[in-house]
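These notes are about the structure you will find just below.
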Amino acid sequence: MPEQSATRSDNFVQLTFLSKPENVAFARVAIAAFAAQLPFTLEEIDEIKVATSEAVSNCVIHGYPDSLGIVTLRADLVDGSLRLEVKDEGVGIADLAAAKEATFSTDPERMGLGLVFMESFMDEMHIESAPGRGTTVVMTKRPTSSAQENVNDRQSDHEL
Amino acid sequence: MPEQSATRSDNFVQLTFLSKPENVAFARVAIAAFAAQLPFTLEEIDEIKVATSEAVSNCVIHGYPDSLGIVTLRADLVDGSLRLEVKDEGVGIADLAAAKEATFSTDPERMGLGLVFMESFMDEMHIESAPGRGTTVVMTKRPTSSAQENVNDRQSDHEL
Amino acid sequence: MKLQLEKIGRTLVARISGELDLESAPLFREKIDEALLEYEMINRLVLNLAEVDFVDSSGLGVILGRYKKIRSRMGSMFLVNVNPSVAKVFELSGLFKIIPAKDSEQEAIQSS
Amino acid sequence: MKLQLEKIGRTLVARISGELDLESAPLFREKIDEALLEYEMINRLVLNLAEVDFVDSSGLGVILGRYKKIRSRMGSMFLVNVNPSVAKVFELSGLFKIIPAKDSEQEAIQSS
Ligand SMILES: Nc1ncnc2c1ncn2[C@@H]1O[C@H](COP(=O)(O)OP(=O)(O)O)[C@@H](O)[C@H]1O
Ligand SMILES: Nc1ncnc2c1ncn2[C@@H]1O[C@H](COP(=O)(O)OP(=O)(O)O)[C@@H](O)[C@H]1O
């Protein structure tokens, strides 16, 4: 069993993939499978899937608007929380404050809700961007339920 | 990004993770989600999951018997086939010929069927290893059914 | 994503299954818009989401886009069978306030 | 992996759900062995795999290990409700030849 010192990662996975729309589903399913190592409820797993989907979709549409690029997604289990870092090396965001506003989108066909969903569905969300160099989103989420209630995947109903 | 001329990759994902038993499920679920981009049947997806599980389990148990190490899993879509490369930088295999024999295992508690399953469930399987430097398994699988029969995820039943 | 379309009088019922995201949204848009173009008299759009297990903001975006389209011809739109795992994004986005949810296709077809 | 154990006379029925792989195999082994140790008179082990959707060679390994254990006390073992998605690994491994599959727990409990 892992020891938990200050903020040591007990486990991590990193996904590196092309910025293609068809990889968005792959990314959220993979992260959901990894997140299942913590005692998240099914509803929380759904929220993590939406947040992952939004962050990766943004890299695909906004980060690399005219070309294919590499998206990097790292997930860590840190002190019982899930930490997600989603990174592209694309065009970046010129005006971060504007980007964060609900319903703001540089694409008239889009709703401008991606960052709002990431903030609502995760406990913490930070976004950093350098125009011309890329964007990184870091999100964390902690299971609300106590570990005890949800370890049934690990525990047996020993009913003798 | 490795170029692959003749056999060009249309899409790829790479997973990098710690050699922990709990990451085996993550790896097979992620690869299954990626493989779903090709017209594999559900049965073929199950076979891919077993092959992935065996290859990753081997890195965890045999590649890094006494310590944690990094497992790298790369999946490519190449000319309509799935190509999987599973790599560890662990202890390696001294006698490859022996390792490949069915029911051979260096662990008396194990069945020695991992490599057999990889060979049976995938179309091709190659293993390379250097003692002290690590092991790489490359497997490929092509959907047997014609693309037409299985694209229902992409196509609509336009029934007007 | 899988899409089944049925025309019932002046209503277009779209039964969707699977996931509505960045990848599948364009196909959804295309198929609905094709049908709306083909049948100019359609003035009610009913989306049956019973079999939809994932929607993100890209999915909401195409739904809102279809709403604007049907409104531009003075039509109406309804959502049916939104299951709990996707209801949250509809609520948070405010889409439920714009596009009413009904309990069944029948009910949606009969409302005005 | 989730495991429910029930003792019926001298039979131990194990109802397993989820995935049997490298991660879950040790827990499965531990729980079965604990029960076998506690109840020395148990001489029949029935694994109900109805809810198991994934098994690989690590999973087969612990199953075979339990078979050897129950054989060492002259007992027998049966598999019940092996669903199609996992049947293939049982066939390929030859385990079906060693551990008979039955159609129901009842049938397994009554066979010798
Ligand atoms: N990875 C990114 N790279 C470049 N720009 C981004 C990125 N993510 C977000 N943005 C910018 O922030 C805006 C708001 O993002 P978001 O809230 O997700 O809404 P939407 O994706 O609907 O536009 C986007 O329209 C875009 O201009
Ligand atoms: N990644 C690896 N690193 C080191 N040794 C390996 C690796 N993969 C396989 N082997 C060796 O090959 C043998 C046979 O592997 P396999 O057929 O998967 O059976 P099992 O895992 O049951 O032992 C193993 O027992 C081990 O000695």
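Predicted model only: the values in this text are computed from it and were never measured. Just so it is clear: chains get the letters A, B, ... in the order the sequence lines come, proteins before strands, and each one is counted from 1.
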Of all the heavy-atom pairs spanning [X] and [Y], show the shortest one and how long it is.
{"X": "A/Ala30", "Y": "B/Phe26", "answer": "O-CD1, 3.3 Å"}
{"X": "A/Leu18", "Y": "B/Asp10", "answer": "CD1-O, 4.3 Å"}
{"X": "B/Phe12", "Y": "A/Thr16", "answer": "CE1-O, 4.0 Å"}
{"X": "A/Gln37", "Y": "B/Glu22", "answer": "NE2-O, 2.9 Å"}

Evaluate whether atom [atom1] of [X] has more than 12 neighbouring non-hydrogen atoms of other residues, nucleotides or ligands under 6.0 angstrom away.
{"X": "B/Glu85", "atom1": "CD", "answer": "yes"}
{"X": "A/Lys141", "atom1": "NZ", "answer": "yes"}
{"X": "B/Leu96", "atom1": "CG", "answer": "yes"}

Check: Does the pair B/Phe34 and A/Asn23 meet the rule for a side-chain contact (heavy atoms from CB on, under 4.5 Å), with working shown?
Finding: CA-CA 7 Å; B/Phe34 181 69; A/Asn23 291 339; 3.7 Å; yes
Applying a strict 4.5 Å limit to non-hydrogen atoms, the region of B/Leu68 in contact with chain A is neither
Highest number of heavy-atom pairs under 4.5 Å with chain B among A/Val29, A/Thr72, A/Leu15 belongs to A/Leu15
d(A/Ile70 CD1, B/Gln14 CD) to nearest 0.5 Å is 9.0 Å
